Amino acid sequence: MAKNKKTAIEPTREDNYSEWYQQVIKAADLAENSDVRGCMVIKPWGYAIWENIQRILDTMFRETGHKNAYFPIFIPKSYFEKEAEHVEGFAKECAIVTHSRLENDGHGGLKVAGELTEPYIVRPTSETIIGASFAKWVNSYRDLPLLINQWANIVRWEMRTRLFLRTAEFLWQEGHTVHESYDDAMVETRKMLDVYSDFAERYLALPVIKGEKTDSERFPGAVSTYCIESMMQDKKALQSGTSHFLGQNFAKSSGIKFQNRAGEIEHAWTTSWGVSTRLIGALIMAHSDDNGLVLPPKVAPAHVALIPIYRNDEEKAAVLEFAHKIELQLKGLYLDEIKIYSEFDDRDLTSSERNWYWIKKGIPLRIEIGPRDVSGNSVMVARRDKDGRDKESIAIEDLTNYVVQTLANMQDNILNSALEFRSQNTIKIDDTKQFYDFYTPRNVAQPEIHGGFAVSHWCGESACEEQIKTDLKVTIRCIPFGDEYIEEGECIKCGKVSHKRVIFAKSY
RNA sequence: CGGGAUGUAGCGCAGCCCGGUAGCGCGCUCGGUUCGGGACCGAGAGGCCGGAGGUUCAAAUCCUCUCAUCCCGACCA
């Protein structure tokens with residue numbers, strides 16, 4: 001008996017957003033919780049997305065002059081202590097290595113032994129350990145700029161974790177650079193933010209708002225923090241990348257000094273910037289639907305599912321031969337610089353089952369190949385960003401072009417949908433009552449569903465920001481760049497003069 | 001770390017209130033018929049009921065502790 005489910009994912013986004021998120025990950029087989037508290041196992045389909053993100057970003061980093069290197073996962077406690085704000089910011093979420101050995105406890109088990117003279121912190125970020133190296137590497141202005149990136153894993157002992165969005169261990173890249181002037185470091189900080197926003201929009205199809213963090217959200221130890229913020233389908237904001245101008249703070253604590261062009265010794269100016277596996281969470285929550293994952297073609301692990309359909313052995317032979325020819329035809333295609341991959345799915349399952357399998361995995365195109373296609377020299381193509389029943393018959397001679405062009409079109413279409421969703425849920429608010437109404441849940445049982453982004457005036461006082469956070473759980477996501485936000489007005493909270501609008505939202 | 005909820009087969013659940021040694025749907029295996037929106041028939045396999053104590057002749061069921069997950073707070077990429 002047919003199940004006739006309306007949607008492949010239950011519950012739907014509307015019914016229970018966070019449960020929907022978990023189910024999409026499960027249905028697409030991206031990752032699972034491990035037995036290690038707060039840590040995830042990233043499965044092949046999910047890891048392939050990360051590898052695509054890595055590959056593309058790595059190229060962008062190279063093109064902007066950065067070199068990869070690798071630093072220890074263990075940071076001596078004393079290094080960590082050098083930057084006061086930094087310690088304070090991370091102290092509550094550190095994993096600490098205190099012993100180096102296990103010994104037989106005499107009861108068939110093991111006990112820890114070999115206590116270290118100095119505990120190691122498992123890196124929650126690497127400014128201090130990298131700074132120690134940089135202090136040795138940098139002596140002259142001729143050594144600058146020093147542009148280093150590291151791909152690594154990070155541990156932050158989080159209380160509450162969610163797959164991809166917040167896990168105790170996660171994968172990321174962290175860029176660390178050293179410059180001879182304030183201006184050079186600031187240019188670098190902003191340049192890498194541009195790299196991130198460019199990457200997010202062109203590859204992840206994720207529209208982002210670039211801006212600066214307020215004092216309360218600044219990276220511990222930074223002079224200023226810049227970010228890209230994106231809107232998820234529950235209208236909450238997700239910080240998708242950050243770039244920090246560290247001034248001379250870490251140079252002072254790590255002793256990164258150089259002889260400048262005037263022959264004087266001075267502290268260098270540093271930056272750091274990073275994106276993490278959280279981007280996969282952003283992808284999922286920005287684009288997926290009630291039938292599962294929807295992937296922008298440029299980061300999809302594979303782009304085309306080939307699904308042969310047949311009723312008996314004669315048909316099978318003919319269809320498979322035809323299908324393999326198509327598989328061959330689609331080899332070696334590119335969507336811009338992205339190689340297009342196919343998955344040939346002739347598993348002994350009904351065509352419907354194979355179809356739904358790939359729908360849930362978010363593969364961009366499904367090509368059904370049946371007996372009618374063999375005789376018609378054509379195939380049926382369905383695209384993931386449209387209704388699954390909305391299939392198109394494509395002649396074989398047109399297929400190559402069709403696949404490439406449709407993937408390009410889908411990439412744009414997914415970005416445009418996300419842009420439209422964001423603009424529909426972003427509103428200028430100047431009235432305090434309207435602001436509070438906007439963020440008051442319509443349905444108390446589902447406080448997740450609320451207004452969206454509010455673009456409102458803020459006087460610049462932390463007190464106003466704090467009060468709004470206390471009242472509504474809404475924070476200033478960023479002070480956005482762009483002239484369109486600059487105008488005179490009154491602070492949404494206190495009514496005092498404001499020169500700029502900022503982005504308010506509930507956030508992850 | 002505080003409040004709430006939930007842990008029973010791979011997944012989703014029932015059974016618990018009122019103790020008597022475990023069941024349903026899906027999935028899985030085998031055989032056959034099927035295959036263009038989640039196929040069907042037949043035959044099977046699979047769980048010491050999250051863990052540890054306790055009460056009892058007897059515990060999935062009652063009590064205590066513990067662990068995990070989810071939701072809500074606090075914190076955060």
Side-chain angles (χ1 to χ4, degrees), chain A residues 1-8 10-11 16-19 21-23 26-27 32-38 89-93 124-125 154 156-174 196 213 216-217 219-220 225 227-229 237-244 272-282 291 307-312 315-316 319 346-360 366-374 376 378-382 387-391 393 441 444-448 469-470 473 475 507-508:
Chain A
M1 196 190 293
K3 275 180 283 181
N4 278 326
K5 267 198 236 170
K6 284 191 285 292
T7 61
E10 285 179 346
N16 185 345
Y17 192 83
S18 46
E19 180 61 21
Y21 175 76
Q22 306 285 127
Q23 292 305 324
K26 191 184 279 185
E32 62 192 23
N33 278 305
S34 77
D35 293 341
V36 183
R37 185 194 177 125
F90 286 105
K92 284 165 286 176
E93 49 188 35
T125 181
I154 290 292
R156 294 183 186 173
W157 214 261
E158 299 289 349
M159 292 165 182
R160 213 171 134 189
T161 59
R162 280 186 99 188
L163 291 174
F164 292 115
L165 297 176
R166 182 170 298 105
T167 45
E169 180 190 18
F170 58 92
L171 306 181
W172 81 344
Q173 81 30 239
E174 47 182 326
Y196 287 154
K213 284 294 189 191
S216 66
E217 304 251 334
F219 176 75
T225 286
C227 62
I228 51 173
E229 293 283 333
L238 184 75
Q239 179 173 309
S240 309
T242 48
S243 186
H244 313 294
S272 68
W273 27 273
V275 296
S276 70
T277 35
R278 175 178 252 202
L279 286 176
I280 297 174
N291 285 325
I307 303 173
I309 294 162
Y310 39 77
R311 277 168 300 207
N312 51 49
E315 283 186 358
K316 181 173 179 176
V319 165
D346 62 345
R347 289 176 298 168
D348 188 23
L349 298 169
T350 67
S351 60
S352 300
E353 264 181 293
R354 286 177 284 154
N355 251 308
W356 282 106
Y357 174 85
W358 291 108
I359 289 171
K360 287 183 281 194
R366 301 187 310 284
I367 298 183
E368 295 179 12
I369 305 155
R372 293 206 292 272
D373 300 307
V374 177
S378 64
V379 290
M380 293 301 287
V381 186
D387 189 288
R389 276 163 295 207
D390 190 8
K391 295 178 212 166
S393 178
V444 184
Q446 290 174 277
E448 298 281 303
K469 185 178 178 182
T470 307
K473 323 278 178 238
T475 50
S507 73
Y508 277 96

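Letters A, B, ... mirror the listed sequences (proteins, then strands); counts begin at 1. Worth knowing before you read on, the calculation uses all heavy atoms, side chains too, and leaves out hydrogens, waters and symmetry mates. Being a predicted model, the structure only gives us computed values, none of them experimental.
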| field | Pair assignment for B:U6, Watson-Crick or G-U wobble, requiring both distances under 3.5 Å | value | B:A68
| note | The nucleotide from B:A39, B:A77, B:C35 with an atom nearest the side chain of A:E353 is B:A39
| Along RNA chain B (nearest heavy atom to each residue), the more 5'-positioned of A:R311 and A:F164 | A:R311
| request: Compare side-chain N and O positions of A:T242 against OP1 and OP2 of B:A77 and report whether any pair is under 4.0 Å apart. | output: no
| request: Using a strict cut-off of less than 4.0 Å between a Lys/Arg side-chain nitrogen and an Asp/Glu carboxylate oxygen, indicate whether A:E368 and A:K391 qualify as a salt bridge. | output: yes
| said: On RNA chain B, compare the nucleotides closest to A:Q22 and A:Y310; which residue's is nearer the 5' end? | reply: A:Y310
| said: It should be established whether A:K26 places a side-chain nitrogen or oxygen under 4.0 Å from OP1 or OP2 of nucleotide B:G12. | reply: yes
| request: Using a 4.0 Å heavy-atom cut-off across all strands, classify A:S352 as base, sugar-phosphate, or nothing. | output: sugar-phosphate
| Ring centers of A:F219, A:F90 separated by less than 6.0 Å | yes
| message | Can you check the distance between B:A22 and B:A14, where both ends of the measurement are the C1' atom (answer in whole Å)? | response | 11 Å
| Per A:N33 side chain, nearest of listed nucleotides B:G36, B:C70, B:C35 | B:C70
| request: Apply salt bridge (charged side-chain N to carboxylate O under 4.0 Å, His left out) to A:R347 and list each qualifying residue two or more places apart in sequence or on a separate chain. | output: A:D345
| remark: Rounded to whole Å, CD of A:E19 lies from C1' of B:U6 at a distance of 12 Å
| query | For B:G31, which nucleotide is its Watson-Crick or G-U wobble mate, given both distances must be under 3.5 Å? | reply | B:C41
| note | Checking N1-N3 plus N6-O4 or O6-N4 for Watson-Crick, or N1-O2 and O6-N3 for wobble, each under 3.5 Å, the partner of B:C48 is none
| message | Is A:K473 close enough to B:A74 that one of its side-chain N or O atoms is under 4.0 Å from OP1 or OP2 there? | response | yes
| request: Indicate whether OP1 or OP2 belonging to B:A39 is found under 4.0 Å from a side-chain N or O atom of A:T350. | output: yes
| request: Give me the residues of residues 272-282 of chain A where at least one heavy atom lies under 4.0 Å from an atom of RNA chain B, by number, or none. | output: A:S276, A:R278
| field | Residue A:S18, side-chain heavy atoms: nucleotide from B:C71, B:A77, B:G38 that is nearest | value | B:C71
